[in-house]
Asks: 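Below is a structure I'd like to ask you about.
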Amino acid sequence: MPILQNLLFLLLPSLLTLFFYFYVFRWKRSKPTPNLPPGRRGLPFFGETFAYLKPHPAITTGHFMQHHITRYGKIYRSNLFGDPTIVSADAGLNRFILQNEGRLFECSYPKSIGGILGKWSMLVLVGEMHQSMRMIALNFMSNARLRSILLPEIERHTLLAISSWKEDVSFSAQDEAKKFTFNLMAKNIMSMEPGEMETEKLRKEYITFMKGVVSAPLNLPGTPYSKALKSRSNILRVIEKKMEERSHQRNEEKEEEDDLLGWALKQSSLSKEQILDLLLSLLFAGHETSSMALALTIFFLEGCPKAVQQLREEHQIIARRKMERGETGLDWEDYKQMEFSQCVINETLRLGNVVRFVHRKAIQDVRYGGYDIPCGWKVLPVFDAVHLDSDLYNEPQLFNPWRWQRCSSGAALNNNFMPYGGGSRLCAGSELAKLEMAIFLHHLVIKFRWELTEPDRAYAFPFVEFPKGLPIKVHAIA
């Protein structure tokens, strides 16, 4: 008996090794090695994130993307934001990812974004809750409201903004664009009037907040992220105060303001925390991207006198017709006549790329173009790489709004044009943003000529910004 026990004891390691060998061999046969796109992982944990986020001119894809596309192709693998990632500069794959939201892929932003925007922010929510939040935003920015309420408000805020401009005095066009869009959103979200002390205080808090959203998520004293978290608390206190005021109004049976806060309180079953995050995220989304798109339009037009002239002629015709009919204020029919303006807006969004990429994650194994995307891997559809692709756009780094004029080529361009994302997460405020830009351009080109007072250009940090603030001077048109 002892001999048998010793023999089993000696054979046990061999038996375990044999079992392990057959188990692994069987697992490998049942789970073949995925055919991943070419690429590399980079540094431990950080991967290639720092190189990917290195600032570069906004009308380029940057050295990192150029190098990787040249070396690996338009679909490659990397390690970004702490996760193994498939990066797509391919228009077809980008459309495939966006159109299969909730089926093959889902939104997956870094935790730091949710930490600062809130867990109920539309940017980070997935599934039914995202759909519910998005429906509230879509109802509030419906076509009917765009026509009857938002268009007149946009024009009022435009005239208010440009009335403060002084001829031959240099000012930051970027700051003016941000002030214009912030005041517009604050009015329509919480009925806060521009210029009031409470509105200006909130706007300054928001500047600090924005710097933290796009900073390294280091919650240490003095860091932009830490300051942003404090600003978030201050902003939420203002929104909460507005909510309490509305509750008192309802108790006293007073008429409520026709804004998003009032709509959410009356028409939704959202909790207090959910409403706070919804309003904060819409203030973020509706202000930052629209303001930079507007600043970029001013910049690109300044370098293209021919486009300014055609734009001015289009808007002078509209203004002349209004005067002949004895009408004041733009309406929806006027907006629909701004055809070349839409070409300018499209070209600005294509060339400037305010939203350069989005974060997604594969929720099941996916095969595309001969490559495997394993379940759980992050995917990064990069829009600027498609919008600046010379295979899709002739002279892609040239500002050429005429490329969008109605023709067969214009229709083909739209198929690869994704400035507002796509699929079920298409930006809810995309039509509002285009309306803002068109109305602002109307009054800008019929009232002013403008020029840069010192050289400046937009950089991607990865958020887009003019380092000098886009300093300009304006001259009134007689």
Side-chain angles (χ1 to χ4, degrees), residues 94-95 97-102 105-109 113-114 117-151 153-154 181-182 184-190 206 210 213 239 258-270 274-294 332 335 342 345-346 349 353-360 381 383 414 417-439 463:
N94 286 1
R95 282 195 303 273
I97 293 167
L98 296 177
Q99 290 167 2
N100 283 283
E101 177 75 29
F105 304 94
E106 70 177 17
C107 179
S108 182
Y109 280 85
I113 298 294
L117 288 179
K119 67 179 182 180
W120 299 108
S121 166
M122 275 205 302
L123 189 67
V124 299
L125 284 173
V126 297
E128 291 184 6
M129 196 63 230
H130 171 264
Q131 293 174 13
S132 298
M133 289 284 202
R134 188 170 186 273
M135 191 56 65
I136 292 172
L138 285 172
N139 286 335
F140 186 74
M141 293 180 281
S142 66
N143 193 269
R145 284 186 62 86
L146 285 174
R147 290 169 180 250
S148 62
I149 297 173
L150 294 171
L151 192 155
E153 276 295 313
I154 292 169
T181 56
F182 180 85
L184 178 67
M185 293 306 294
K187 169 62 178 175
N188 286 283
I189 288 175
M190 293 180 289
Y206 190 80
M210 258 310 301
V213 171
I239 300 174
D258 188 22
D259 55 21
L260 180 58
L261 174 57
W263 200 97
L265 289 169
K266 287 186 293 184
Q267 305 292 336
S268 77
S269 58
L270 299 180
Q274 289 170 334
I275 292 176
L276 288 171
D277 281 356
L278 172 66
L279 268 56
L280 178 66
S281 63
L282 286 178
L283 191 61
F284 161 74
H287 158 59
E288 190 62 26
T289 54
S290 297
S291 63
M292 280 315 306
L294 188 55
W332 194 255
Y335 173 59
Q342 294 302 322
I345 291 168
N346 280 354
L349 296 172
N353 291 290
V354 177
V355 179
R356 305 187 77 80
F357 58 90
V358 291
H359 294 260
R360 296 292 184 266
F383 303 135
N414 273 307
F417 187 51
M418 295 167 270
Y420 296 107
S424 62
R425 297 187 76 95
L426 176 71
C427 176
S430 57
E431 292 303 318
L432 173 61
K434 288 186 280 189
L435 182 62
E436 287 176 43
M437 294 173 70
I439 301 302
F463 61 97

Asks: Would you say the side chain of Leu283 lies within less than 4.5 Å of the side chain of Leu279, judging by non-hydrogen atoms?
Replies: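 With C-beta onward as the side chain, the pair stays apart.
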Asks: Can you check whether Met129 reaches Leu270 side chain to side chain, under 4.5 Å on heavy atoms?
Replies: yes
Asks: Indicate yes or no for a side-chain donor-acceptor contact from Arg425 to the backbone of Glu106 under 3.5 Å, with no hydrogens or angles considered.
Replies: no
Asks: Please determine whether side chain to side chain contact (heavy atoms under 4.5 Å, CB included) holds for the pair Tyr420 and Val355, giving the CA-CA distance in whole Å, both sets of side-chain angles, and the decisive distance to 0.1 Å.
Replies: CA-CA 7 Å; Tyr420 296 107; Val355 179; over 6 Å; no
Asks: Sub-3.5 Å donor-acceptor pair from the side chain of Glu101 to the main-chain atoms of Cys107, do we have one?
Replies: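 Checking the backbone N and O of Cys107 against the side chain of Glu101, a donor-acceptor pair under 3.5 Å is found.
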Asks: Do Gln342 and Ile345 have side chains that approach each other closer than 4.5 Å (heavy atoms only, starting at C-beta)?
Replies: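 With C-beta onward as the side chain, the pair touches.
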Asks: With no hydrogens and no angle check, is any side-chain donor or acceptor of Arg145 less than 3.5 Å from a backbone partner on Ser142?
Replies: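 Absent.
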Asks: Which atom names give the shortest non-hydrogen contact between Gly422 and Leu98, and what distance separates them?
Replies: N-CD1, 3.7 Å
Asks: Which label fits Trp332 and Tyr335: parallel for a plane angle under 30°, tilted from 30 to 60°, or perpendicular past 60°?
Replies: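 Trp332 and Tyr335: tilted rings.
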Asks: Just verifying a value: how many Å separate Leu146 CG and Glu436 CD, rounded to the nearest 0.5 Å?
Replies: 10.0 Å
Asks: With side chain to side chain contact (heavy atoms under 4.5 Å, CB included) as the test, would you mind laying out the steps for Leu432 and Ile154 before giving the verdict?
Replies: CA-CA 9 Å; Leu432 173 61; Ile154 292 169; 3.8 Å; yes
Asks: Any idea which heavy atoms bring Leu349 and Pro419 closest together, and the distance?
Replies: CB-CB, 3.8 Å
Asks: Taking it one step at a time, do Arg134 and Leu125 satisfy side chain to side chain contact (heavy atoms under 4.5 Å, CB included)?
Replies: CA-CA 10 Å; Arg134 188 170 186 273; Leu125 284 173; over 6 Å; no
Asks: Hey, are the side chains of Tyr109 and Val358 touching, using non-hydrogen atoms and a 4.5 Å cut-off?
Replies: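 Side-chain contact under 4.5 Å: yes.
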Asks: Should we count CE of Met135 as having more than 12 external heavy atoms under 6.0 Å?
Replies: no
Asks: Which value, rounded to the nearest 0.5 Å, describes the distance between Leu278 atom CG and Leu260 atom CG?
Replies: 5.5 Å
Asks: Measure the CE-CE distance between Met185 and Met190 for me, rounded to the nearest 0.5 Å.
Replies: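 These two atoms lie 9.5 Å from each other.
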Asks: Between CD1 of Ile275 and CE of Met133, what distance do you get to the nearest 0.5 Å?
Replies: 8.5 Å
Asks: So Leu276 and Trp120, side chain to side chain contact (heavy atoms under 4.5 Å, CB included) or not? Walk me through it.
Replies: CA-CA 9 Å; Leu276 288 171; Trp120 299 108; over 6 Å; no
Asks: Hey, could you give me the CG/CZ distance between Asn94 and Arg360, rounded to the nearest 0.5 Å?
Replies: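 One finds 10.5 Å between CG of Asn94 and CZ of Arg360.
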Asks: Is any side-chain heavy atom of Leu282 less than 4.5 Å from a side-chain heavy atom of Met122?
Replies: yes
Asks: Looking only at heavy atoms, which two atoms of Gly421 and Leu426 are closest? And how far apart?
Replies: O-CD1, 3.8 Å
Asks: Atom CZ of Phe463 and atom CD of Glu288: how far apart are they, to the nearest 0.5 Å?
Replies: 8.0 Å
Asks: So His287 and Tyr206, would you call those rings parallel, tilted or perpendicular, with 30° and 60° as cut-offs?
Replies: perpendicular
Asks: Quick one: are Leu123 and Ile113 in side-chain contact, heavy atoms under 4.5 Å?
Replies: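 Heavy-atom side-chain distance check passes, below 4.5 Å.
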Asks: With a 3.5 Å distance limit and no angle check, can you tell me whether Arg95 reaches the backbone of Gly423 through a side-chain donor-acceptor pair?
Replies: no
